[in-house]
2 protein chains.
Amino acid sequence: MPTPDRTSLGEIVAAGRELLETEGLGGLTMQAVAARVGVRAPSLYKRVRNRAELVSLVAEATAGELGQRLDAAATGTPDAHARLLVLARTFRGYAHERPAAFSLLFTPGSELALDPDVLRRASASMLAVAVELSGPDHALDAARTLAAWANGFVSMELSGAFRLGGDIERAFEFGAHRLADALAAKPDFGN
Amino acid sequence: MPTPDRTSLGEIVAAGRELLETEGLGGLTMQAVAARVGVRAPSLYKRVRNRAELVSLVAEATAGELGQRLDAAATGTPDAHARLLVLARTFRGYAHERPAAFSLLFTPGSELALDPDVLRRASASMLAVAVELSGPDHALDAARTLAAWANGFVSMELSGAFRLGGDIERAFEFGAHRLADALAAKPDFGN
DNA sequence: ACCTGAACACCGTTCAAGT
DNA sequence: ACCTGAACACCGTTCAAGT
């Protein structure tokens with residue numbers, strides 16, 4: 001005897017994202033998600049294999065949203081040097097807006113199962129600016145340098161690792177400007 | 001009626017570090033730690049307030065060890081430019097050696113309670129090389145740029161975020177060399 | 001075909017009782 | 001003074017039984 005669905009995968013993932021941001025990853029429990037969508041915990045297993053898969057879907061949604069923000073920011077800044085600065089600030093702004101989601105996405109060794117296509121789209125704008133700045137030969141190296149710095153800076157900032165005082169805003173701008181200069185194509189001396 | 005101690009805080013932290021590396025953070029349970037030191041779980045609460053404190057102590061031990069490695073590597077490389085490269089490679093080497101401990105230490109938003117003194121010592125060698133390279137005015141900014149890049153690079157590497165092929169070794173060396181150049185003091189144009 | 005209560009294994013943590 | 005079993009609240013997950 002078929003029954004009308006009382007929830008959906010989209011609703012479940014949305015509930016997971018809300019709980020992540022309000023209660024932290026520890027508060028993202030199957031029971032809390034179930035309560036939020038008006039169902040009992042065992043019912044979630046009809047849409048999701050287990051909690052790990054749900055957490056991965058939440059992270060994937062975050063990656064997609066971050067990628068859209070970066071794309072939107074890149075559009076309308078034709079100059080590559082200026083665009084790198086805009087991308088860096090947008091990346092950091094998103095992390096401040098959704099710190100828990102950002103932490104989840106960039107936690108090292110997290111065993112997340114993310115769709116490669118979503119990841120590709122999320123990093124496309126950074127790769128594009130790297131191609132323009134440093135030329136095709138070192139584009140991948142340059143993109144990885146940029147992504148590593150931005151990710152590392154915001155991760156350390158969010159975890160309170162910058163404890164020696166000073167102006168964090170200024171440190172970020174310093175890094176962004178120095179990187180934009182450093183990644184620009186240089187004459188090739190053979191390495 | 002006093003009883004001879006059957007374990008110690010040092011033994012407990014050591015057991016925690018072993019479990020972290022072999023079983024992951026999820027395998028670092030109070031019961032597993034207790035079993036490893038030959039005691040029952042409730043006894044651990046005589047030495048440690050709760051699991052969160054034990055995890056913080058494990059992370060702190062990691063920070064201390066990493067700092068020692070960096071100090072040892074810095075000693076004996078007087079040239080600042082070369083020393084930055086050595087420090088970066090040592091940092092990455094340690095992360096590869098103890099990936100789970102590294103991940104724990106640098107997980108953003110982890111709520112770890114770390115001794116500020118241990119953290120200061122762990123970052124001292126990076127700060128010193130930044131002072132030498134970029135002068136006192138921008139030393140803190142430069143150190144943060146360097147630490148952010150190194151941390152971000154290794155974090156992304158460990159979480160498998162570099163999925164576009166290419167030579168990761170080369171990307172690391174590229175970043176290290178470009179940063180060493182970029183952080184060197186430049187004439188001050190007023191910003 | 002979806003939803004549920006009951007059950008299981010496993011956590012962290014507390015505490016009275018042992019020695 | 002340390003250690004323990006028992007107990008509690010809370011997880012994730014499975015499954016037979018309901019509709």
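Just so we're on the same page: letters track the sequence lines, and every chain starts at 1.
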Next item on the list: Could you walk me through whether B:R144 and A:L164 pass the side chain to side chain contact (heavy atoms under 4.5 Å, CB included) test, one step at a time?
Entry: CA-CA 10 Å; B:R144 283 169 172 167; A:L164 293 147; 4.1 Å; yes

Notebook entry, point to check: Taking the side chain of A:Y45 as heavy atoms from C-beta outward, which of C:dC2, D:dG12, D:dC3 is closest to it?
Noted result: D:dG12

Checklist line | Among D:dC3, D:dT13, C:dG5, the one nearest B:R6 by side-chain distance | finding: D:dC3

Notebook entry, point to check: If you look at every strand shown and take non-hydrogen atoms under 4.0 Å, does A:S8 touch a base, only sugar-phosphate, or nothing?
Noted result: nothing

Item checked: Whole-Å distance separating the CZ atom of B:R40 from the C1' atom of C:dG18 -> 15 Å

Next item on the list: Choose from D:dC11, D:dA6, C:dA6 the nucleotide whose nearest atom is closest to any side-chain atom of A:Q31.
Entry: D:dC11

Check: What is the distance from CZ of B:R47 to P of D:dA1, rounded to the nearest Å?
Finding: 13 Å

Margin query: Nearest 0.5 Å, please: how far is OG1 in B:T145 from CZ in A:F172?
Written below: 10.0 Å

Checklist line | Within the 6.0 Å centroid threshold, strictly below: A:F102 and A:F91 | finding: yes

Item checked: Atom pair CG/CG of B:L9 and B:L57 - distance to nearest 0.5 Å -> 6.0 Å

Margin query: Please pick, from C:dT13, D:dC11, D:dT13, the nucleotide with the shortest atom-to-atom distance to any side-chain atom of B:N50.
Written below: C:dT13

Next item on the list: Check the distance between C:dA1's C1' and A:D5's CG and give it to me in whole angstrom.
Entry: 8 Å

Next item on the list: Give me the one residue out of B:R170, B:H177, B:R178 that meets side-chain contact (heavy atoms from CB on, under 4.5 Å) with B:F174.
Entry: B:R178

Next item on the list: Grab the CD-P distance between B:E53 and C:dT13 for me, whole Å please.
Entry: 11 Å

Margin query: Working to the nearest 0.5 angstrom, can you tell me the gap between A:L84 CG and A:T77 OG1?
Written below: 11.0 Å

Next item on the list: Mind calculating the distance between CG (A:L44) and C1' (C:dC3) to the nearest angstrom?
Entry: 11 Å

Notebook entry, point to check: Of the nucleotides C:dT4, D:dT13, D:dG5, which one has an atom closest to the side chain of A:S43?
Noted result: C:dT4

Next item on the list: Could you check how far CD1 of B:I12 sits from P of D:dC2, rounded to whole Å?
Entry: 12 Å

Next item on the list: Return the nearest nucleotide to the side chain of A:M30; candidates are C:dT4, D:dT4, D:dT13.
Entry: D:dT13

Note to self: Does atom CD (A:E111) have a neighbourhood of more than 12 heavy atoms from anything else shown, all under 6.0 Å?
What the structure shows: no

Item checked: Shortest side-chain distance from A:K46, nucleotide among C:dG5, C:dC2, C:dT14 -> C:dC2

Notebook entry, point to check: Given the rule that a pair is Watson-Crick or G-U wobble with both distances under 3.5 Å, how would you write DNA chain D in dot-bracket, using | for pairs to a different strand?
Noted result: ||.|||||...|||||.||

Notebook entry, point to check: C:dG12 P sits how many Å from B:L54 CG, rounded?
Noted result: 10 Å

